[in-house]
Protein chains: 2
Amino acid sequence: MSEQPKYRQLADALRREIVNGIYPPGARLPSESELSTRFDASRNTVRNGLKLLVSEGLVTSSQGLGYEVRSHEVFELNASRFENLTFQQNGDSYTTDVTNAGRRPHQTFRVEMKPAPEDIAERLRIEVGSTTVLRFCHRYVDDVPWSTQATYYPGWLTEQAPRLSEPGDIAEGTTRYLAGHDIEQVGYFDEIATRMPTPDEARLLEIGAGVPVLLWTRTGYSKDKRIRCTITTFRGDLNRMQYEIGDLSARNEVL
Amino acid sequence: MSEQPKYRQLADALRREIVNGIYPPGARLPSESELSTRFDASRNTVRNGLKLLVSEGLVTSSQGLGYEVRSHEVFELNASRFENLTFQQNGDSYTTDVTNAGRRPHQTFRVEMKPAPEDIAERLRIEVGSTTVLRFCHRYVDDVPWSTQATYYPGWLTEQAPRLSEPGDIAEGTTRYLAGHDIEQVGYFDEIATRMPTPDEARLLEIGAGVPVLLWTRTGYSKDKRIRCTITTFRGDLNRMQYEIGDLSARNEVL
DNA sequence: TAGTGGTCTAGACCACCTC
DNA sequence: AGGTGGTCTAGACCACTAC
C-alpha cells in the first residue's frame with residue numbers, strides 16, 4: 001500500500017510545516033486528538049510520529065501543556081581564546097566569557113580527592129587509581145543549566161599549589177593561581193565528541209529527549225608535564241565551539 | 001505506587017546490565033517477548049523501554065534480528081594539522097588522514113554552481129544569492145558512510161582558479177591547487193556544533209536513531225579575504241575532533 | 001516455518017495545567 | 001472541570017531473517 005508508515009508521513013508533514021514557518025519557534029502544535037482526526041490515525045500512531053519529531057530535537061512536549069516548537073539560541077565559546085590570560089581580566093574564564101556576552105553566569109562548585117579513572121589517567125600520564133584533585137562545576141546561564149565541568153589535577157600538583165585541594169573557589173581563577181606558583185600552562189590538547197546524554201547528564205543539564213551533548217576534553221600542558229584534564233559537558237542545543245587557527249587578520253575586512 | 005514508570009525501570013535495568021558487561025558490545029539482547037515475561041509487562045511497554053535505549057545510542061534494533069548492543073570505534077581527526085601542507089604528501093587531506101590511520105577511504109563527488117545560502121554568504125562576506133562554486137563529497141571509510149562535506153567558494157575565485165568549477169576531482173588537492181594560483185590560505189576559523197540528524201542526513205550517513213551528528217564549519221582565509229567555507233557533517237558515534245594549541249612539546253614525555 | 005521486530009488499533013486510567 | 005500529554009494493556013497483522 002503506502003510506502004511510508006503512517007506515523008512517518010505524519011512526522012514528515014508536521015516537520016515540513018515547522019520548517020516552512022507555519023509553526024514558528026515557540027508555537028504550539030495541535031493536540032494529539034486533533035492530529036488523530038486530521039491524519040485519521042489512532043492516538044498511539046500520532047504519538048509515534050510526534051515522538052520522532054521530539055527525538056530529532058525539533059519539538060518538546062510537556063504534560064498538560066502540549067507540544068511546542070523548540071526555539072534555539074546558541075552561545076558561542078571561543079576555545080582558542082578561552083583561558084588566554086592576556087585576553088582576560090581577573091576571575092575564571094567562564095565568568096568572563098559569559099559576562100562579556102551580556103548574560104548572567106552562576107555556578108555551584110565542589111572539590112574532591114578521587115582516584116584517577118582510566119580515561120583521565122591516560123591523558124595525564126599517571127597511574128590508574130592514583131590520587132587526583134577533582135574540581136567540579138555545575139554551570140548556569142541566566143538560571144538555565146548550561147554545562148558541567150570536571151577538572152582533574154594530578155596529586156603531585158598540590159604540593160606546589162595547595163589551594164587546589166581546598167574546598168573553596170579560587171577567586172582569581174585556577175589558571176592564574178597556578179601561574180603564580182610557577183606552573184604555567186603553555187599548551188592545550190583539545191578533544192571534541194558528541195553523543196546522547198546519559199540519564200545522569202540529562203538530569204543535571206535538564207536536557208529533554210532529542211538533544212545531544214557536546215563533550216570537550218582539554219588536557220593542559222606545562223613545559224614538561226601534563227598538569228590538568230578538564231571535561232566539559234555542554235547542552236548541544238545551546239552551545240557551539242570556535243577555534244581560530246593561523247592568521248585571521250582578514251576577519252575584519254569589509255565586504 | 002512505583003516512583004518510576006515501568007518502561008523506565010526496564011530501560012534502567014538493561015542499561016545497568018549493558019554497562020556492567022553482562023551484555024557486551026555486539027551482544028544480542030533478549031527478545032521483546034522474553035523481556036515481556038521477565039518484567040511482567042506488555043509488549044508495547046517493553047518496546048517503550050527499548051526505544052529509550054535506542055534513542056540513547058546504546059543499542060540498535062533490526063527487524064528479524066533483534067536488539068544488539070552498539071559497539072563504538074572512533075576515528076580521530078586532528079583539525080589543527082588537517083590541511084597543513086607541510087604535513088601532507090600529495091592528494092587531499094581526507095585521503096591522507098584516513099590512509100594514515102590504516103583505513104580504506106572512498107568518496108563520491110560532485111560540483112555545482114549555486115547561489116549562496118544565507119549562512120554561507122555571511123561567513124564568506126558575500127551577497128546572499130550571489131554565485132558560489134559548491135564542491136560536495138560523500139565520504140566512506142571501509143565502505144561505511146562517514147561524513148559529507150560541502151565546500152563553497154566565492155564566484156570571483158574561479159577567475160584566478162578556473163579548475164575549481166570543473167566537475168572533476170583535483171588530484172593534488174584543492175588547497176594545494178589554490179596555493180599554486182597565488183591564493184594561499186593563511187588562517188582558518190572553525191565552528192563546531194552538534195544536533196540530531198535531519199532525515200536527509202540520516203539517510204546519507206545511514207544513521208540510526210540515537211546518533212547525533214557533529215557539524216564542523218571551517219572558513220578559510222587568505223591574507224585579505226575569505227576564500228572558502230566548508231561544512232562537514234560527521235556521524236557523531238564514529239568521529240572525534242582534536243585541536244592542538246600552543247606548545248605541546250611535553251606530549252612525548254614518558255610517565 | 002518459526003521467531004523476530006515494525007506498525008496500528010481501541011480503550012483504560014493517571015498526572016499535570018489552566019480556568 | 002475539562003483538556004492536555006504520560007503510561008499501560010491486549011490483540012491484530014505485516015515484514016524481515018534465519019533455518
Side-chain angles (χ1 to χ4, degrees), chain A residues 1-14 18 23 26-70 199 202-203 206-211, chain B residues 1-14 18 23 26-70 199 202-203 206-211:
Chain A
M1 278 298 155
S2 55
E3 305 227 343
Q4 283 267 79
K6 207 186 268 188
Y7 77 97
R8 283 193 182 276
Q9 294 177 25
L10 183 149
D12 289 346
L14 288 177
I18 289 169
Y23 299 111
R28 267 206 44 198
L29 257 42
S31 73
E32 292 180 349
S33 63
E34 287 177 274
L35 292 171
S36 176
T37 309
R38 169 174 165 196
F39 290 96
D40 185 34
S42 78
R43 185 172 162 230
N44 275 333
T45 301
V46 170
R47 285 177 62 75
N48 265 328
L50 288 168
K51 189 175 285 186
L52 205 58
L53 298 181
V54 170
S55 77
E56 286 170 11
L58 257 187
V59 308
T60 59
S61 72
S62 39
Q63 224 173 25
L65 287 174
Y67 292 83
E68 191 168 302
V69 180
R70 198 174 242 142
R203 191 174 35 78
E206 288 175 25
I207 277 183
V211 178
Chain B
M1 278 293 159
S2 54
E3 306 227 343
Q4 284 267 80
K6 208 187 267 188
Y7 77 97
R8 283 191 182 277
Q9 295 177 25
L10 183 149
D12 289 345
L14 288 177
I18 289 169
Y23 299 112
R28 268 208 41 198
L29 257 43
S31 73
E32 292 179 349
S33 63
E34 286 177 274
L35 292 171
S36 175
T37 309
R38 170 176 164 196
F39 289 98
D40 186 34
S42 79
R43 186 171 161 231
N44 275 333
T45 302
V46 170
R47 286 176 62 77
N48 265 327
L50 287 168
K51 189 174 283 188
L52 205 59
L53 297 182
V54 169
S55 77
E56 287 170 9
L58 257 187
V59 308
T60 60
S61 71
S62 38
Q63 223 173 25
L65 287 174
Y67 292 83
E68 191 170 303
V69 179
R70 213 192 282 265
R203 191 173 36 78
E206 288 174 26
I207 277 182
V211 178

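Note that the coordinates shown come from a computational prediction; the quantities given were computed from them, not determined experimentally. In what follows, chains are A, B, ... by sequence order, proteins preceding strands, each numbered from 1.
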inquiry  = I need the NZ-P distance between Lys51(B) and dC8(C), as an integer number of Å.
reply    = 11 Å
query = What about Arg43(A), does its side chain sit under 3.5 Å from the base of dG6(D) through a donor-acceptor pair?
reply = yes
remark   = Arg47(B) has its side chain closest, among dG5(C), dT4(D), dG5(D), to dG5(C)
remark   = Between Thr45(A) and Gly64(A), whichever has its closest DNA chain C nucleotide further toward 5' is Thr45(A)
message = To check you understand the geometry: which heavy-atom pair defines the closest contact between Gly26(B) and Glu68(B), and what is its length?
response = O-CG, 3.5 Å
ask   = Minimum heavy-atom separation for Ala11(A) to Gly49(A), with atom names?
value = CB-O, 3.7 Å
request  = Nearest whole angstrom, please: distance from the P of dA10(D) to the CG of Asn48(B).
outcome  = 15 Å
query = Can you check the Leu10(A) CG to dT9(C) P distance for me, whole Å?
reply = 11 Å
remark   = Among the nucleotides dT9(D), dG6(C), dC8(C), whichever has the atom closest to the side chain of Lys6(B) is dT9(D)
request  = Specify the separation, in whole Å, of atom CG of Leu52(B) and atom P of dC8(D).
outcome  = 12 Å
message = In this structure, how many angstroms lie between the P atom of dG2(D) and the CD atom of Gln63(A), rounded?
response = 19 Å
request  = Name the closest nucleotide to the Pro5(A) side chain, picking from dT4(D), dC8(C), dT9(C).
outcome  = dC8(C)
message = If I take atom OH in residue Tyr67(A) and atom C1' in nucleotide dG6(D), what distance separates them, rounded to the nearest angstrom?
response = 9 Å
Side-chain N,O (Ser62(B)) to OP1/OP2 (dG5(C)) below 4.0 Å = no
request  = Can you measure from CG (Leu50(A)) to OG1 (Thr45(A)) and round to the nearest 0.5 angstrom?
outcome  = 11.0 Å
ask   = Between the main-chain N or O of Ser42(B) and the side-chain N or O of Lys6(B), is there a donor-acceptor pair closer than 3.5 Å?
value = no
remark   = The nucleotide from dG5(C), dT17(D), dT9(C) with an atom nearest the side chain of Ser42(A) is dT9(C)
ask   = Under a 4.5 Å cut-off applied to non-hydrogen side-chain atoms, are Leu29(B) and Tyr23(B) in contact?
value = yes
query = Given dC8(C), is OP1 or OP2 found less than 4.0 Å from the side-chain N or O atoms of Tyr7(A)?
reply = no
message = In this structure, how many angstroms lie between the C1' atom of dT9(D) and the CG atom of Asn44(A), rounded?
response = 10 Å
ask   = Rounded to whole angstroms, how far apart are CZ on Arg28(B) and C1' on dT4(C)?
value = 7 Å
